[in-house]
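The basis for the numbers below is simple: all heavy atoms, side chains too, and nothing from hydrogens, waters or symmetry mates. For reference, positions follow the sequence shown, starting with 1.
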Amino acid sequence: MKTRRDFIKKTAAGGAALSLGGLVMPSMGYSNILGANDKINVAVIGVRSRAKAHFVAINQDPNAKVLYSCDVDDKILEEHNVWCKKNIGYVPKVEKDFRKVLEDKKVDAVFIATPEHWHAPMAIMALQAGKHVYVEKPCSHNPHENELLVAAQKKYGLKVQMGNQQRSAQSSALAVKEIREGIIGEVYKGEAYYSSNRGSIGIGNKIEVPNTLDWDLWQGPAPREDYRDNIHPYNWHWFRTWGTGEIHNNGTHEIDICRWALGVDLPESVTSFGGKYTFKDDWEFVDNQQVTYKYADDKFITWTGHSRGLIKPDQPGRGITIYGSKGMITLSRNDYNLYNLDGSLIKKVEEGVESETTNTVGMGGLDVNHIHNFFSAIRQDTSLNSDINDASISTMLCHLGNIAQNVGRTIHINPTTGKVKDDDEAMSYWKREYQNGWEPKL
């Protein structure tokens, strides 16, 4: 795969370890890590798309191995096995039921790249089975699961890292350090945006479940629905039963970096405007959204999501701008740019390893950094760059953005718990209905 070859070449030229304001940014050479000889065996659950980046990054560690590829679709597994042979040099064991993987005591950690309704329930079950967890963003389908996953990590004491890989970008960590030191004065605004041009998903037709797919296990904790021809393998993102919309699918990344840069957690209030403006299809979320998060100290974060219709005039497909009293900073997965108030560029810091930004795989050097950090935390009990206790806060912001949109008004938040104040309708979105027997519990 050309993308893999290109980024591995750049990865090999990566820089030395860097500590920025308490953030441990690993070098790209695993041979330099204390305890690197400790073997880590992993399973990857959900292997069609995003998981490819996991496999390649895991394969960069000579003392880590994927024991299992797990997916509920035989067709996806067969195609993935061919990909593995070509790209990582071996084919892991194959399993359709992740519960059997969790029973294997040789598995030290699981990587979860399934549809979003499975993220928290599967992560909790993995913790209960004694496994460390790397869970893709968002870490939960609803705020209740968010709370439950954080509680599970505290109860079982294992490592849980969320896959918001820009937290392991050296250039972003440098920017945050310099913001703390006052390089752009008093920071007050974080602006996050994502722009794509997704097409129609059509009106789904009820059809027989493909004989390669375990539809019951695919649905898992979600209430049962008939199989339709526009859900699997990708468009589940846009259905409320299984997905969480664009603000979670992509906004989690940029909102998270804004929160990191501004040094804030949960907001005082959340307002969302938006709608579904393009195709008449089964898409159940807004396809264009503007969310504002207001904080007590006059700081605020905005999220602009264009799922179907690109932002004009032309901008990069995604990014972050941090505004301060003396200047501004733009951040992406690949660079950090510092500007004066008049917009003139003062300096540019490139990441040194390249990451894809707008496709569905998102493969790149930051995956290597982030997974490296996860493995180091398992081996040496060092800090995670996106520990679930912090990552869940960014996920909660996205949940609150969806809730504000659902009720059509500003919601006021308890900044300690994240719960909506004095609004029963808003709080009705706190927890979902679960299929009988599948509700996650500690």
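A pairwise comparison of heavy atoms in Ser69 and Leu77 identifies O-CD2, 3.7 Å as the closest pair. The two residues Ile378 and Ala109 have their closest heavy-atom pair at CD1-CB, 4.2 Å. Residues Ala51 and Val44 come closest through the heavy atom pair CB-CG1, 3.7 Å. Here the closest heavy-atom approach between residue Trp260 and residue Ser172 is recorded as CZ3-CB, 4.0 Å. The heavy-atom pair separating His232 from Tyr227 by the smallest distance is CB-OH, 3.8 Å. Between Asn385 and Ser168 the shortest heavy-atom distance is ND2-OG, 2.9 Å.
Two residues are said to be in side-chain contact when any heavy atoms from C-beta on lie closer than 4.5 Å; His237 and Glu116 meet this criterion.
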Asn337 and Ile329: side chain to side chain contact (heavy atoms under 4.5 Å, CB included), yes or no, with the steps? CA-CA 6 Å; Asn337 298 281; Ile329 286 171; over 6 Å; no
When you look at Val133 and Tyr156, which way does the side chain to side chain contact (heavy atoms under 4.5 Å, CB included) test go after all the steps? CA-CA 11 Å; Val133 175; Tyr156 297 105; over 6 Å; no
Intermediate values then yes/no, side chain to side chain contact (heavy atoms under 4.5 Å, CB included), Val107 and Leu102: CA-CA 7 Å; Val107 174; Leu102 297 185; over 6 Å; no
Should Val150 and Lys154 be marked as a side chain to side chain contact (heavy atoms under 4.5 Å, CB included) after you check the CA-CA gap, both sets of side-chain angles, and the distance that decides it? CA-CA 6 Å; Val150 170; Lys154 290 178 180 176; 3.9 Å; yes
Where do Glu254 and Arg318 land on the salt bridge (Lys or Arg N to Asp or Glu O under 4.0 Å) test, with the steps shown first? CA-CA 8 Å; Glu254 279 69 35; Arg318 65 191 317 152; 2.9 Å; yes
What's the verdict on ring pair (Phe, Tyr, Trp, His ring centres under 6.0 Å) for His117 and Trp218, showing C-alpha distance, side-chain angles and the deciding distance? CA-CA 10 Å; His117 70 290; Trp218 189 99; 5.3 Å; yes
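With rounding to the nearest 0.5 angstrom, the CE atom of Met162 is 6.0 Å from the CD1 atom of Ile388. In this structure, the separation between CD1 on Ile58 and CD1 on Ile371 is 5.0 Å, given to the nearest 0.5 Å. One finds the OG1 atom of Thr114 at 9.5 Å from the CG atom of Asp71 (value rounded to the nearest 0.5 Å). The CD atom of Gln166 sits 8.5 Å away from atom CG of Asn334, with the distance rounded to the nearest 0.5 Å. Once rounded to the nearest 0.5 Å, the distance linking CD1 of Ile88 with CD of Gln60 reads 11.0 Å. Expressed to the nearest 0.5 Å, how far SG of Cys139 lies from CG of Leu148 amounts to 11.0 Å.
Dense packing is recorded around NZ of Lys347, with more than 12 heavy atoms of other residues, nucleotides or ligands lying under 6.0 Å away. The environment of Phe273 atom CZ is sparse: at most 12 non-hydrogen atoms of other residues, nucleotides or ligands sit within 6.0 angstrom.
When the side-chain hydrogen bond (donor to acceptor under 3.5 Å, both in side chains) test is applied to Asp424, no partner is found at least two apart in sequence or on another chain. The salt bridge (Lys or Arg N to Asp or Glu O under 4.0 Å) test applied to Arg99 returns Asp97, not counting sequence neighbours. With sequence neighbours left out, His144 forms a ring-ring contact (aromatic ring centres under 6.0 Å, His included) with no residue at all. For Ser269, the side-chain hydrogen bond (donor to acceptor under 3.5 Å, both in side chains) criterion is met by no residue, not counting sequence neighbours. The side-chain contact (heavy atoms from CB on, under 4.5 Å) test applied to Ala426 returns Ile403, Val407, Ile411, Val420, Asp423, not counting sequence neighbours. Annotation: side-chain hydrogen bond (donor to acceptor under 3.5 Å, both in side chains) contacts of Trp118 (sequence neighbours excluded): none. With sequence neighbours excluded, no residue forms a ring-ring contact (aromatic ring centres under 6.0 Å, His included) with Tyr68. Ser428 is linked by a side-chain hydrogen bond (donor to acceptor under 3.5 Å, both in side chains) to nothing, counting only residues two or more places apart in sequence or in another chain. The ring-ring contact (aromatic ring centres under 6.0 Å, His included) check on Tyr134 picks up His54, Phe111, His370, Phe374, with sequence neighbours excluded.
Among pairs with a residue in residues 279-291, those fulfilling salt bridge (charged side-chain N to carboxylate O under 4.0 Å, His left out) read Lys276-Asp281, Asp281-Arg308, Asp287-Arg308, at least two apart in sequence or across chains. Residue pairs that meet the side-chain hydrogen bond (donor to acceptor under 3.5 Å, both in side chains) test with at least one member in residues 394-408, sequence neighbours left out, are Ser140-His399, Arg240-Asn406, His248-His399, Asp256-Ser394, Arg259-Ser394, Ser272-Gln405. Applying the salt bridge (charged side-chain N to carboxylate O under 4.0 Å, His left out) test to residues at least two apart or on different chains, the pairs with a partner in residues 73-85 are Asp74-Lys96.
A ring-centre distance under 6.0 Å is not found for Phe285 and Trp238. Trp236 has its ring centre no less than 6.0 Å from the ring centre of Phe239.
No hydrogens or angles considered: nothing links the side chains of Asn205 and Arg228 as a donor-acceptor pair under 3.5 Å. For the residue pair Glu178/Tyr336, the side-chain donor-acceptor check at 3.5 Å is satisfied. Asn164 and Ser386 share a donor-acceptor pair across their side chains, judged by distance under 3.5 Å alone. A donor-acceptor pair shorter than 3.5 Å can be found between the side chains of Asn373 and Gln161. Looking only at atom types and distance, the side chain of His119 has no donor-acceptor partner in the side chain of Lys137 under 3.5 Å away.
Using a 4.0 Å cut-off between charged side-chain N and carboxylate O, Arg198 and Glu246 make a salt bridge. Between Glu147 and Lys419, at least one side-chain N (NZ, or NE/NH1/NH2) sits under 4.0 Å from a carboxylate O, which counts as a salt bridge. The pair Lys159-Asp387 does not meet the salt-bridge criterion, since no charged nitrogen lies less than 4.0 angstrom from a carboxylate oxygen. The pair Glu191-Lys189 meets the salt-bridge criterion, since a charged nitrogen lies less than 4.0 angstrom from a carboxylate oxygen. Using a 4.0 Å cut-off between charged nitrogen and carboxylate oxygen, Lys312 and Asp314 count as a salt-bridge pair. A salt bridge is absent between Lys206 and Glu225; no separation between the charged side-chain nitrogens and carboxylate oxygens falls under 4.0 Å. Salt bridge status for Glu136 with Arg50: present, with a side-chain N to carboxylate O gap under 4.0 Å.
A cation-pi arrangement is not found for Lys299 relative to Tyr188, the charged atom failing to lie both closer than 6.0 Å to the ring centre and inside a 45° cone about the ring normal.
Between the side chain of Ser195 and the backbone N or O of Ile311 there is at least one donor-acceptor pair closer than 3.5 Å.
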